[in-house]
Amino acid sequence: MMNRFKQKRKHNTKCACSVCQTPIDTPLGYGSLMPTYIENFSKKDMKRRVFLTDDICVLDEEHFFVNGCLELPIIGEDDVFTWNVWVSLSADNFFRMLDAWEDPARVGLEPMFGWFSTDLPDYPDTINLKTNVHIREVGMRPFIELEPTDHPLAAEQREGITRERIEELARIVESDV
């Protein structure tokens with residue numbers, strides 16, 4: 001089985017491991033390669049049923065997804081940990097977003113409701129968490145805002161994530177092969 005996540009970026013400076021204090025480069029984000037729903041598709045099904053780029057995905061010409069950034073503030077730092085995740089949109093919202101894709105005025109689009117479509121490791125079920133998709137400047141992926149619930153991922157988006165938790169996620173993601 002392939003690793004479902006690609007490393008997004010490394011921290012600019014060496015940090016000390018929270019357990020042993022050894023200097024390490026801690027990733028500050030991971031990205032999902034595709035919506036969870038299509039991860040186990042055969043090559044034949046992928047070719048026949050899926051249109052997939054780095055930014056958008058269409059399944060069976062009736063399910064529409066956008067790749068966006070779920071940002072978690074790092075407690076005590078000025079940086080964020082980012083999960084690049086897939087969110088489903090209604091057809092109307094998907095095409096409204098696409099119509100404005102290269103238009104600088106797209107930042108004026110109202111947030112769009114979406115369903116979280118990425119299964120993240122070491123969290124309770126993340127599929128179908130309610131989201132708002134905020135379109136940002138041209139060249140930037142949308143910002144994904146989770147509904148403020150008691151789900152641990154939503155709590156981390158509101159309250160922040162610790163460096164220890166980031167290290168734990170890195171160990172899990174990097175060992176998931």
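Atoms considered below: every heavy atom in the structure, side chains included; atoms not considered: hydrogens, waters and symmetry mates.
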is_close_aromatic(F95, F64), centroid dist under 6.0 Å: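 Judged by ring-centre distance (under 6.0 Å), F95 and F64 do meet the cut-off.
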
Does a side-chain N-to-carboxylate-O contact under 4.0 Å join [X] and [Y]?
X    : Y    : result
D122 : R171 : no
E71  : R136 : yes
R106 : E137 : no

Sole residue of V85, I127, D125 in side-chain contact (heavy atoms from CB on, under 4.5 Å) with F116: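 Of all the options given, the one that passes is V85.
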
Would a hydrophobic clustering, with Ile, Leu, Val, Met, Phe, Trp and Tyr connected at side-chain separations under 4.5 Å, put [X] with [Y]?
X   : Y    : answer
I75 : L169 : no
M46 : L33  : yes
W83 : F143 : no
F81 : M140 : no
F51 : F94  : yes

Taking every non-hydrogen atom, the tightest pair across S32 and N67: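 Closest approach of S32 to N67, heavy atoms only: O-ND2, 4.1 Å.
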
Side-chain (R158) to main-chain (T149) donor-acceptor, under 3.5 angstrom: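 Yes: the side chain of R158 pairs with the backbone of T149.
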
Donor-acceptor pair, side chain of T82 and main chain of G29, under 3.5 angstrom: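 It does not hold such a pair.
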
Pi-cation contact, Y123 with R165 (under 6.0 Å, within 45°):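 Yes.
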
Spatial distance of atom CH2 (W115) from atom OG1 (T131) [nearest 0.5 Å]: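 Answer rounded to 0.5 Å: 9.0 Å.
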
